[in-house]
Structures are given as structure tokens and as C-alpha cells.
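Throughout, protein chains are lettered first and strands after them, A, B, ... in sequence-line order, and every chain is numbered starting at 1. Bear in mind the structure is a predicted one, so any value in this text is a computation, not a measurement.
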Amino acid sequence: MLRLAGNRLSSSLPWRSNYKATANNITMMSSDGPVNITPNSTLSPEQFRCSNTDHQILFHVLEACKLSSNFQTAIEIHARIIKLGCGAYPSLISLLISIYVSCDRLNLARPLLNEIPSWDLDLISANLIIARFMKIGDIDIAKRVFHKMPARDVVSWNSMIGGCVKNARFQEALSIFRKMLSSNVEPDGFTFASVITGCARLGALDHAKWVHGLMIEKRIELNYILCSALIDMYSKCGRIENAKEVFDSGRSNHVSVWNAMINGLAIHGLALDAIAIFSLMEVENISPDSITFVGVLTACSHCGLVEQGHKHFDLMRRHYLIQPQLEHYGTMVDLLGRAGRLEEAYALIKEMPMEPDVVIWRALLSSCRTHKNSKLGEIAITKISHLNSGDYVLMSNIYCSIRKWDGAEIVRDMMKKKGVRKNSGRSWIELAGVIHQFKAGDLSHPETEPMYKLLEGLIRRTKLEGFMPLTELVLMDVSDEEKEGNLNYHSEKLALAYGVLKMSPGIEIRISKNLRTCPDCHCWMEIVSRVLNRVIIVRDRIRFHRFEGGLCSCGNYW
DNA sequence: TTAGGGTTAG
């Protein structure tokens with residue numbers, strides 16, 4: 001076996017006459033004598049001495065290091081290059097970079113990429129560098145490599161687009177995709193999978209429809225990954241009916257596609273439909289996996305279907321023999337907590353066979369906020385080791401809700417001392433293919449003046465219709481910045497005002513938000529939908545709210 | 001060398 005592996009290796013090398021290679025050993029045949037390299041071995045000083053003036057030899061040795069993933073020797077040669085002053089050879093440095101990247105030593109590659117005046121990287125190595133740096137969120141390096149490449153192939157573009165999506169730079173991903181379309185490289189299924197995900201995360205329906213159309217036009221074959229991505233995209237863009245169309249037409253028996261559909265229904269508050277799809281899986285003999293149950297349990301959680309949740313949790317364990325993982329306990333704690341069964345939720349946490357994580361404690365903390373339970377809230381918050389701004393806000397809100405002002409004061413002081421700032425909420429609206437984004441009290445938009453004027457008029461009208469701002473929330477608010485913005489200027493209200501300003505009457509207004517919708521804004525949107533007689537759809541962090549005729553599809557359960 | 005669907009919170 002070893003010999004075979006060695007033969008394969010040596011036959012793929014262009015300079016094989018210079019050395020012999022097996023899977024575990026490479027021997028350089030230089031004019032100075034043989035140089036032996038084995039994976040993870042080091043070069044002896046003698047071996048260095050025989051090649052120290054010949055950068056060509058170093059180049060070949062590095063090539064061999066790359067093939068044998070001999071990272072240790074590469075480092076030694078790197079040191080030798082520095083000592084010999086061979087750094088002027090881009091070919092050597094480029095090779096070192098690609099070795100470091102393929103061995104996942106990005107910290108060693110980074111300074112070389114920053115320092116080297118010109119690169120001599122092959123296409124595959126450059127693509128790998130883009131992908132790996134994008135994976136760790138180092139977008140600048142990835143971009144620099146991409147822009148310096150003399151030629152780019154479909155993988156280069158895909159790595160850039162996919163990388164931007166992974167790093168939540170959705171608009172940038174779309175912009176790169178547009179540039180790709182005007183280049184001479186054709187997008188493929190990989191490109192669309194990333195672009196579709198970007199549209200889903202943005203909730204940008206116009207973009208979504210355009211991208212789907214393009215995919216059809218370019219005759220991209222629909223595999224199960226693209227199919228689940230499309231279902232997810234339409235669901236997250238508020239078009240559950242389109243998601244269903246894709247689901248029905250795809251007729252995939254891959255579990256991921258079913259999971260995407262179940263989750264889509266869940267975020268639309270259609271728990272019973274989600275359960276029906278799950279039952280259909282049983283009929284069609286498609287085995288659910290652990291993600292399927294996350295979807296079904298989430299659907300139950302967001303609609304208050306406690307018994308159905310219990311039933312499916314048991315089904316998962318007993319019938320499908322899937323051991324509940326942290327995320328399943330997370331959804332169960334969330335389900336019980338939202339429904340006000342806080343003690344049961346806490347009991348479940350104590351029963352868990354594994355250590356509960358912060359997600360679980362935050363789910364309990366959040367439920368304590370909803371149901372005004374400071375005792376369990378205090379327990380939950382002490383279990384979260386690294387408190388973030390949201391945790392402080394929740395705890396402060398719990399104290400405010402039960403008028404325990406001294407408790408709230410202590411939390412606020414802690415926030416001040418630790419310099420914790422509340423993250424601002426953001427909402428955005430897509431108009432004619434452009435995404436307009438707002439923060440609370442935002443004054444940066446060029447049409448700020450007419451937008452605020454319209455908003456103030458709208459607030460006056462809704463007050464005449466009986467809208468009372470939930471001022472309790474202002475008291476709870478711990479951020480000075482937020483206080484200035486006030487409830488009236490929350491980001492979703494600004495986005496709505498902008499939509500009313502720019503869109504013809506009667507057309508539904510669609511807003512996306514990065515956080516959960518605020519109860520005051522939720523109540524206000526209900527009244528606005530009646531006053532203006534138009535449909536307003538708000539996608540918050542976890543689900544859709546469809547406001548029509550004064551009511552919301554969530555039935556005030558969220 | 002590149003892709004999808006998954007629990008909480010602000």
C-alpha cells in the first residue's frame with residue numbers, strides 16, 4: 001500500500017527526476033547530495049548546509065514540504081530564507097504562504113501576505129487562501145488576495161461571495177455577484193447557493209426573485225442544497241407560498257429540504273402545517289434527523305403548543321432513538337418558558353444530562369422577563385458566565401416590570417462600571433432593489449426630514465385611534481442613546497415611515513429587523529395597518545409578523 | 001480550492 005501511495009505521489013510531480021517520494025518520505029536529489037524530508041521531521045544542519053545557496057533547491061524542498069504537509073520543515077526553511085536574505089524571491093514566499101494556509105497556520109501566512117510586494121501564487125492556492133481567511137472572518141486579507149489575482153475562476157468568485165455571506169456582509173456579497181455577472185466567469189450552483197443565502201438573510205424579496213429567475217435562465221440544476229436554500233430564502237423573505245411551490249416542485253427526498261420547509265413554516269407561525277409536513281415525512285419514509293426536531297419544536301414553541309412539543313420531544317427519543325442535544329433542550333426550555341411554565345422549564349434544565357449552555361439560560365432569562373419572575377431570572381443570570389449587553393437589559397427589565405427599582409439601578413450601575421453598551425437595533429426596507437437601513441433615532445438618511453415629518457403625523461393619527469405608547473418600556477430602557485431616540489423613533493417605525501413615504505398606497509410594506517420586535521412598535525403597527533388599510537410585514541430576528549386590519553398573525557404570542 | 005437547512009438574547 002505504501003509503495004502504491006508513493007508511486008502515485010511521485011508520478012504526479014513535474015520534477016520527479018530530482019527526487020524520490022513515498023507517502024512518508026521524500027528524498028531530494030540535489031547536486032550537493034540527498035536531502036531527506038519526512039512528515040513532521042526537521043532538517044539537520046548538514047542538510048541545510050548542502051542547499052543554503054541555492055534558492056532553486058529551497059523551492060523544490062518547499063514544494064516537497066507542501067506535498068507531504070511537512071509544516072515543521074517549512075518553518076525551518078522560512079527561518080533559513082530570512083537568514084539568507086532570500087525574501088526577495090516571491091516564488092519562495094508564495095510557496096510558504098500556501099503551505100501555511102493549507103496547514104491552517106493562518107497567523108504565519110498573514111504577515112507574509114501583508115509584506116510581500118508581488119505574489120506568485122497558483123490559482124488553487126490563492127482560492128484556498130481566500131476561503132480560509134474568509135472562514136476566520138479576515139475579510140480584508142481575502143479581498144486583497146482576490147484583487148491581486150491575475151486571473152480568477154468560478155471558485156475565486158464563489159469563495160468571495162460565500163465568505164461575505166458567512167461574515168454577514170450580505171449586500172457586499174450581492175455586489176460582488178453583480179460584478180461576477182459582468183465578468184467572463186459564469187456562476188454555478190455554488191455561487192447561487194451563497195447568493196440565495198445572502199438574500200434569505202437580508203429578507204430582500206426583490207433580490208430573491210431576481211436571483212431565482214437568473215438561476216432558471218442559466219439552467220442551474222436544482223440539487224437538494226439549492227432546493228433547501230431556495231425554500232429557506234422564500235420563507236425568510238416572507239413568501240411561504242413560494243417556498244411551498246419550490247418544495248412541491250423539487251420533490252426531494254433529502255431530509256434537508258424537508259427541514260427547510262418545516263423551519264420556514266415555523267417562522268411564519270404555522271406550527272400545525274409544520275407538524276403536518278413532519279407527519280408526511282413519516283408517510284413517505286423519510287427519516288427525520290436531529291435538525292428536523294429542532295424545527296418542529298421551534299414551531300411548537302413559537303405558537304405555544306406545549307403538549308405537541310412534549311409529544312415530539314418524546315417521539316424523537318423513543319421512536320427515532322435520537323438523543324436530545326443541547327439545542328433540543330434549548331427549544332423545550334424556550335417552549336415551556338414562553339408558555340409561562342417557568343418552574344417546569346427550570347426543572348428540565350436541572351434534569352438535562354449535559355451542562356446547560358448560555359443559550360438555555362438566556363431562554364429562561366427571557367421567559368422570566370416575559371412573565372416577570374425575578375427569582376428565577378436571578379438564578380439564570382448568575383449561570384451566564386460572560387454577560388452581554390442583552391443579558392443586563394433583560395435583567396434590568398425584569399426588575400422594572402415588578403417595580404423593583406433598586407434592582408434595576410444595580411444592574412444599570414454594573415453596566416456603567418463595565419462599560420457595557422446596548423447594541424442598537426436595526427431595521428431595513430427594500431425599495432426598487434435598494435436596501436435602506438435605519439437605527440433608532442437615525443438621522444443619516446438623505447430623506448430624514450420628510451420621513452420624520454410623516455412619522456410624527458402617523459403617530460398623531462394612531463393616538464387619535466387610541467394608541468397609547470407603552471411608556472413602561474421607556475422606564476425599562478437602560479441606554480441613554482435609546483432614551484434619546486425614544487420609542488417614537490425606533491428603527492422599525494422609521495423604516496415603516498420611509499416605506500409609507502416612498503411606496504404607493506395599498507402596496508404591502510415589508511420590513512426586516514435584526515432583533516425581536518419591540519412590544520410598543522408591535523402594538524403601533526397593528527393600529528397603523530388598520531388606519532392606513534395596508535398590510536405590513538415585519539420579519540424580526542426569529543419570525544414574521546403580518547399586520548392586517550389591526551391584527552397581527554402572531555396573535556401577540558412571541 | 002467554493003454551497004444549504006438548526007435552539008436564546010439585546
Which part of the nucleic acid, if any, lies within contact of [X], taking any heavy atom under 4.0 Å across all strands shown: a base, the sugar-phosphate backbone alone, or nothing?
| X | result |
| --- | --- |
| A/Ile231 | nothing |
| A/Asn514 | nothing |
| A/Lys166 | sugar-phosphate |
| A/Lys135 | nothing |

| task | Kindly write out the residues that satisfy side-chain contact (heavy atoms from CB on, under 4.5 Å) with A/Lys148, not counting sequence neighbours, or none if the list is empty. | result | A/Trp119
| said: Please enumerate all residues that pass salt bridge (Lys or Arg N to Asp or Glu O under 4.0 Å) together with A/Asp104, with sequence neighbours excluded. | reply: A/Arg132
| remark: Of B/dT1, B/dA9, B/dA3, the nucleotide closest to the side chain of A/Ile225 is B/dA3
| task | Tell me which nucleotide among B/dG5, B/dA3, B/dG10 gets nearest to the side chain of A/Ser194. | result | B/dA3
| said: Any N or O donor-acceptor pair under 3.5 Å from the base of B/dA9 to the side chain of A/Arg516? | reply: no
Using a 4.0 Å cut-off on heavy atoms, which residues in [range] reach DNA chain B? List them by number, or say none.
| range | value |
| --- | --- |
| residues 334-352 of chain A | A/Asp334, A/Arg338 |
| residues 173-193 of chain A | A/Gly189, A/Phe190, A/Ala193 |
| residues 125-134 of chain A | A/Asn127, A/Leu128, A/Ala131 |
| residues 285-301 of chain A | A/Asp289, A/Ile291, A/Val294, A/Thr298 |

Indicate yes or no: does [X] engage [Y] in a salt bridge with an N to O separation below 4.0 Å.
| X | Y | answer |
| --- | --- | --- |
| A/Asp540 | A/Arg516 | yes |
| A/Asp232 | A/Lys236 | yes |
| A/Lys493 | A/Asp520 | yes |

Whole-Å distance separating the [atom1] atom of [X] from the [atom2] atom of [N]:
| X | N | atom1 | atom2 | value |
| --- | --- | --- | --- | --- |
| A/Asp104 | B/dT1 | CG | C1' | 13 Å |
| A/Asn263 | B/dT7 | CG | C1' | 10 Å |
| A/Asp153 | B/dA3 | CG | P | 14 Å |
| A/Ile384 | B/dT8 | CD1 | C1' | 9 Å |
| A/Glu492 | B/dG10 | CD | C1' | 13 Å |
| A/Asn259 | B/dT7 | CG | C1' | 14 Å |
| A/Asn223 | B/dA3 | CG | C1' | 8 Å |
| A/Ile262 | B/dT7 | CD1 | C1' | 15 Å |

| query | Which residues satisfy the side chain to side chain donor-acceptor pair (under 3.5 Å) test with A/Arg317, sequence neighbours excluded? | reply | A/Asp314
Sequence neighbours excluded, which residues qualify as ring pair (Phe, Tyr, Trp, His ring centres under 6.0 Å) partners of [X]?
| X | value |
| --- | --- |
| A/Phe293 | A/Phe278, A/Tyr320 |
| A/Phe190 | none |
| A/His268 | A/Phe544 |
| A/His254 | A/Tyr224 |

| task | Cation-pi check, A/Arg338 to A/Tyr557: give yes when NZ or CZ is under 6.0 Å from the six-membered ring centre and within 45° of the ring axis, no otherwise. | result | no
| task | Check step by step if side chain to side chain donor-acceptor pair (under 3.5 Å) holds for A/Asp334 and A/Thr331. | result | CA-CA 5 Å; A/Asp334 187 48; A/Thr331 49; over 6 Å; no
| task | Find out whether A/Ile275 and A/Cys300 are in side-chain contact, i.e. whether some heavy atom of one side chain is under 4.5 Å from a heavy atom of the other. | result | yes
| field | Side-chain N,O (A/His328) to OP1/OP2 (B/dT8) below 4.0 Å | value | no
| note | Which of A/Asn263, A/Val246, A/Ile240 passes side-chain contact (heavy atoms from CB on, under 4.5 Å) with A/Ile231? Answer is A/Val246
| remark: Quick note, side-chain hydrogen bond (donor to acceptor under 3.5 Å, both in side chains) partners involving residues 207-217 of chain A, not counting sequence neighbours, are A/Arg178-A/His207, A/His207-A/Glu430, A/His212-A/Tyr234
